[in-house]
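Both counts, for ligands and for their atoms, begin at 1 and track the order of listing. Worth knowing before you read on, the calculation uses all heavy atoms, side chains too, and leaves out hydrogens, waters and symmetry mates. These numbers come from a predicted model, not from an experiment.
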Amino acid sequence: MISITKKSLRELANNDWDQTLITINFRKIDYLSRVAETAINFPNFSYLVKPCWELKQQVAFWIYCSALAFQFWELDIDGGLKKYCYGNMTGSTAMFRCLRDNWIDGELPLSDVSYVLSNSPNSNMRIEIAIELSSEKKKLYEIAEILIARATRGQVSVSDASLLVDAFPKSFSDPYLKKAQLALTAIASLVYESMGVPVNCDLTALADYQVPRVLRALGIIEYSPKLATLVDNQIELEVNGCLERAIRAATIVSVENIANRFNRPEVIIDNILWQSQDLAKSTKFHLTQTTFY
Ligand SMILES: Nc1nc2c(c(CN[C@H]3C=C[C@H](O)[C@@H]3O)cn2[C@@H]2O[C@H](COP(=O)(O)O)[C@@H](O)[C@H]2O)c(=O)[nH]1
């Protein structure tokens with residue numbers, strides 16, 4: 001098995017970043033100093049876990065949430081964009097809350113998977129992924145334990161994220177390990193919150209559809225006219241095609257440069273950008289039907 005490392009993901013990103021499709025305006029990174037100043041706190045993952053849950057359960061829950069953190073939108077028959085809603089929440093926040101509300105005795109019971117997820121976008125794939133996890137509760141808790149032990153040593157890495165892919169390939173396979181790295185960020189944060197051990201996250205940015213939208217609105221990345229037209233008109237991009245990969249790659253390269261410029265970890269920069277979606281206003285995100293992000 002070829003081992004995936006932060007170095008190999010960066011190399012992949014540098015290969016996939018097609019500069020005829022996307023320009024990165026490195027000079028504009030300097031203008032982000034105000035954003036970087038607020039990028040002090042580690043992302044918070046304890047807001048949904050119940051205080052009575054032991055750490056292993058908190059981690060199992062966030063592995064579950066991360067596996068389902070993809071494509072919270074769907075195009076309806078008129079071509080309009082519909083986002084996943086639960087209560088008065090939308091997108092991933094809504095999904096995480098729905099999972100928390102249906103989490104019983106340390107799991108989303110297998111018998112509940114279909115009805116809990118049937119009204120979500122890409123529901124067939126979401127249900128398949130949930131079945132992979134819910135039918136292997138013991139394995140979920142074993143991997144949670146292994147990853148907690150690694151985090152407790154003070155560092156998590158891309159190769160730890162790839163353990164999740166080996167354990168649950170349907171849930172976590174992705175050339176850029178987006179969801180597996182989200183899970184590792186959650187584990188680092190939860191270990192810190194519950195044990196007081198600071199955990200260094202040697203991870204890349206999480207290449208999703210919101211961070212490139214924010215980077216584009218900030219003028220850090222700029223699409224070629226052809227790519228801009230597709231994204232702005234909400235034309236779907238082929239999964240794993242060169243356009244989609246170029247967007248994910250430019251996200252990783254940009255966040256790496258922002259992190260280096262302001263001497264902050266990539267996960268913190270990623271999180272502050274993800275939390276800054278309001279800045280992007282009407283900027284469209286790219287549409288790709290995928291379970292990767
Ligand atoms: N790059 C990056 N992408 C992230 C996250 C998160 C979850 N973060 C929070 C969880 C606890 C912490 O407090 C974090 O703040 C979700 N996503 C992605 O966004 C997309 C959905 O977007 P929307 O429809 O707006 O919810 C989808 O691709 C999903 O995979 C992140 O942190 N970084």
Open item on the list: Assess the residue pair R10 and E266 against the criterion (salt bridge (Lys or Arg N to Asp or Glu O under 4.0 Å)); give the C-alpha distance rounded to whole Å, side-chain angles, the decisive distance to 0.1 Å, and a yes or no.
Closed with: CA-CA 12 Å; R10 283 176 167 172; E266 269 131 302; 3.5 Å; yes
Just list the N/O pairs, ligand 1 to protein, that are under 3.5 Å apart, with the distance for each.
unit_1   : atom_1 : unit_2 : atom_2 : d
ligand 1 : 1 (N)  : L206   : O      : 2.9
ligand 1 : 1 (N)  : D270   : OD1    : 3.2
ligand 1 : 1 (N)  : D270   : OD2    : 2.9
ligand 1 : 3 (N)  : D208   : OD2    : 2.9
ligand 1 : 13 (O) : N44    : O      : 2.7
ligand 1 : 15 (O) : N271   : ND2    : 2.7
ligand 1 : 15 (O) : Q275   : NE2    : 2.9
ligand 1 : 17 (N) : W274   : NE1    : 3.2
ligand 1 : 19 (O) : D208   : OD2    : 3.0
ligand 1 : 19 (O) : W274   : NE1    : 2.9
ligand 1 : 24 (O) : K83    : NZ     : 2.4
ligand 1 : 25 (O) : Q210   : NE2    : 3.1
ligand 1 : 25 (O) : Q277   : OE1    : 3.0
ligand 1 : 25 (O) : Q277   : NE2    : 3.2
ligand 1 : 26 (O) : S92    : N      : 2.8
ligand 1 : 26 (O) : S92    : OG     : 2.6
ligand 1 : 30 (O) : A69    : O      : 2.6
ligand 1 : 30 (O) : K178   : NZ     : 2.6
ligand 1 : 33 (N) : D270   : OD1    : 2.7

TODO: Could you check whether the rings of F285 and W73 sit parallel, tilted or perpendicular, using 30° and 60° as the cut-offs?
DONE: tilted
Open item on the list: Nearest 0.5 angstrom please: S194 OG to K56 NZ, how far?
Closed with: 13.0 Å
Open item on the list: Is the distance between the ring centroids of F61 and W103 under 6.0 Å?
Closed with: yes
- [ ] Look at the aromatic rings of F96 and F72 and report parallel, tilted or perpendicular, splitting at 30° and 60°.
- [x] perpendicular
Task: Shortest non-hydrogen contact between Y64 and A130, atoms and distance - done: OH-O, 3.2 Å
